There are 2 protein chains.
Amino acid sequence: MVIQTDTYQRIVDSAKDLMYARSYADVGVAAICDHARVKKGSFYHFFTSKQELTLAVLDTYYADYKNNIINIAFSSTLKPMERLATFNKLVIEFQQDIYSQTGHIYGCPFGNLATEMATQDEAIRQKIGHLFTKLQQLLHNTLQEAMDNGDIEPIDPDATARALLAYIEGTMMLAKTHNDPTVLQQLLPAGLQIRIPTTN
Amino acid sequence: MVIQTDTYQRIVDSAKDLMYARSYADVGVAAICDHARVKKGSFYHFFTSKQELTLAVLDTYYADYKNNIINIAFSSTLKPMERLATFNKLVIEFQQDIYSQTGHIYGCPFGNLATEMATQDEAIRQKIGHLFTKLQQLLHNTLQEAMDNGDIEPIDPDATARALLAYIEGTMMLAKTHNDPTVLQQLLPAGLQIRIPTTN
DNA sequence: GCTTGACTTGACCGAACGGTCAACTATAAT
DNA sequence: ATTATAGTTGACCGTTCGGTCAAGTCAAGC
């Protein structure tokens with residue numbers, strides 16, 4: 001027999017929205033079930049635990065992120081450094097939209113969950129670690145291409161990619177803390193200037 | 001009558017340690033009371049709510065931070081950019097110590113709490129926002145002094161200070177997510193190269 | 001020595017937590 | 001038409017949550 005209902009996805013989608021708006025701990029299984037119009041017993045037919053759901057939520061976060069931001073910004077029709085600028089633009093627009101609708105800056109869904117759960121749940125921490133590594137590789141490849149094209153001076157592309165990721169995440173966190181989208185507008189574009197030179 | 005016991009401080013200290021190691025939501029009032037060897041009724045003699053305690057905890061976080069890191073690194077006996085390098089060194093040592101003792105990178109106590117609570121609790125969000133602003137001003141003054149001394153080229157000291165703070169916080173978050181102190185060693189020193197030029 | 005008020009104690013509250021389960025319905029495959 | 005199983009339902013579990021409260025202890029101030 002094949003899957004025949006959309007219950008699984010409704011649960012994941014509800015959890016994704018609720019946990020992003022609030023936090024892992026603040027969103028209970030009951031609240032997720034209510035939002036998804038699903039009974040708790042049905043929830044535990046699809047998931048063995050809240051943790052397992054959260055791992056599935058992370059996949060959906062990433063799929064959304066890839067469809068709505070990565071695939072557009074990191075298009076091969078753009079020059080490498082233009083991709084990074086487009087990425088910044090899309091991130092700012094996304095956060096600005098949420099801010100207009102909710103009055104709150106939500107920040108990065110991966111960063112939020114990692115910060116809350118890293119010392120508590122090893123599986124969740126590792127999963128987010130892998131996702132960050134994938135983002136880092138994307139930035140690395142882009143910087144490498146910019147170097148190869150002579151668009152930027154020679155740098156350490158790996159260290160610079162990690163630094164850029166750290167800068168993006170830190171900017172998101174500051175914007176969330178100040179609940180102010182202009183923080184993103186003022187800081188994110190400057191990230192393109194970050195360079196870590198090769199150490200010889 | 002004057003305060004005659006150390007109960008208040010035992011509660012704050014316990015909450016500080018537990019919340020830093022775990023999270024706001026994962027540390028209940030009962031756990032804090034157990035750790036502080038205090039009964040719950042006594043807790044509510046000193047605090048009207050868990051939120052009020054958390055605001056007090058933030059003050060203690062900051063006092064510790066100032067005593068152990070800021071006052072040492074930002075000593076006027078050091079040249080401006082040396083202060084930032086010393087700050088990096090002390091932060092790395094602090095996180096490395098915790099990692100050696102617990103096997104976990106805890107990250108920044110302010111960033112952790114802000115990320116978890118910013119959309120949930122306005123008072124906590126604002127308090128951390130103010131603390132970040134204070135740190136930003138410290139960085140600003142240091143960069144300004146470096147500029148005035150001619151140690152660095154002219155930049156936008158305010159934007160650069162905010163960018164540096166974002167970079168530090170993002171680095172802490174990545175190190176926590178990868179649970180790896182070497183992330184700090186590799187990334188933090190490069191933060192001193194961050195420059196945001198003045199926009200004319 | 002008595003009063004005052006800071007502090008402590010332990011029992012208690014309703015609500016919410018994550019999770020379980022037996023019974024039931026509906027549907028796909030034979 | 002029957003069977004097997006995917007999916008649903010609602011009641012229920014023990015535990016913990018943040019918070020309350022009446023009663024009691026204890027020491028400082030008069």
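Order of the sequence lines fixes the chain letters, A, B, ..., with proteins taken first and strands second; residue numbering starts at 1 for each chain. All of these numbers come straight from a predicted model, not from anything done at the bench.
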Measure the distance from [atom1] on [X] to [atom2] on [N] and round it to the nearest whole Å.
{"X": "B:Glu52", "N": "D:dG18", "atom1": "CD", "atom2": "C1'", "value": "14 Å"}
{"X": "B:Gln120", "N": "D:dG18", "atom1": "CD", "atom2": "P", "value": "14 Å"}
{"X": "B:Phe43", "N": "D:dC17", "atom1": "CZ", "atom2": "P", "value": "12 Å"}
{"X": "B:Leu53", "N": "D:dG18", "atom1": "CG", "atom2": "P", "value": "11 Å"}
{"X": "B:Lys50", "N": "D:dT20", "atom1": "NZ", "atom2": "C1'", "value": "17 Å"}
{"X": "A:Ile11", "N": "C:dG19", "atom1": "CD1", "atom2": "C1'", "value": "14 Å"}
{"X": "B:Asp26", "N": "D:dT16", "atom1": "CG", "atom2": "C1'", "value": "12 Å"}
{"X": "A:Gln9", "N": "D:dG7", "atom1": "CD", "atom2": "P", "value": "14 Å"}

request  = Check whether the side chains of A:Gln193 and B:Arg195 place a donor and an acceptor atom closer than 3.5 Å, and report yes or no.
outcome  = no

request  = Any chance you could pull the hydrophobic cluster mates of A:Ile105, using side-chain heavy atoms under 4.5 angstrom and chaining through other members?
outcome  = A:Tyr99

task = Decide if the gap between the ring center of A:Phe47 and the ring center of A:Phe43 is smaller than 6.0 angstrom.
result = yes

query = Looking at residues 30-41 of chain B, who's got a heavy atom less than 4.0 Å off DNA chain C?
reply = B:Lys39, B:Gly41

key: Nucleotide of C:dC7, C:dG18, D:dG19 approaching A:Val29 most closely (side-chain heavy atoms)   = C:dG18

N/O (side chain, [X]) to phosphate O (OP1/OP2, [N]) under 4.0 Å:
{"X": "B:Ser49", "N": "D:dG18", "result": "no"}
{"X": "B:Tyr44", "N": "D:dT20", "result": "no"}
{"X": "A:His45", "N": "D:dT8", "result": "no"}

inquiry  = Listing request: all salt bridge (charged side-chain N to carboxylate O under 4.0 Å, His left out) pairs with a residue in residues 127-149 of chain A, at least two apart in sequence or in separate chains.
reply    = A:Asp59-A:Lys127, A:Arg83-A:Glu145

I'd like to check the side-chain contact (heavy atoms from CB on, under 4.5 Å) partners of [X]; sequence neighbours left out, ordered by chain and number.
{"X": "B:Arg22", "result": "A:Gln120, B:Leu18, B:Asp26, B:Val27"}
{"X": "B:Asp151", "result": "B:Pro80, B:Ala146, B:Asn149"}
{"X": "B:Asn67", "result": "B:Asn71"}
{"X": "B:Asp121", "result": "B:Gln51, B:Met117, B:Ala123, B:Ile124"}

key: Partners meeting side chain to side chain donor-acceptor pair (under 3.5 Å) with A:Gln95 (sequence neighbours left out)   = A:Tyr20

query = At what angle, to 10 degrees, do the two end axes of the helix from C:dG1-D:dC30 to C:dT30-D:dA1 meet, given five pairs define each axis?
reply = 10°

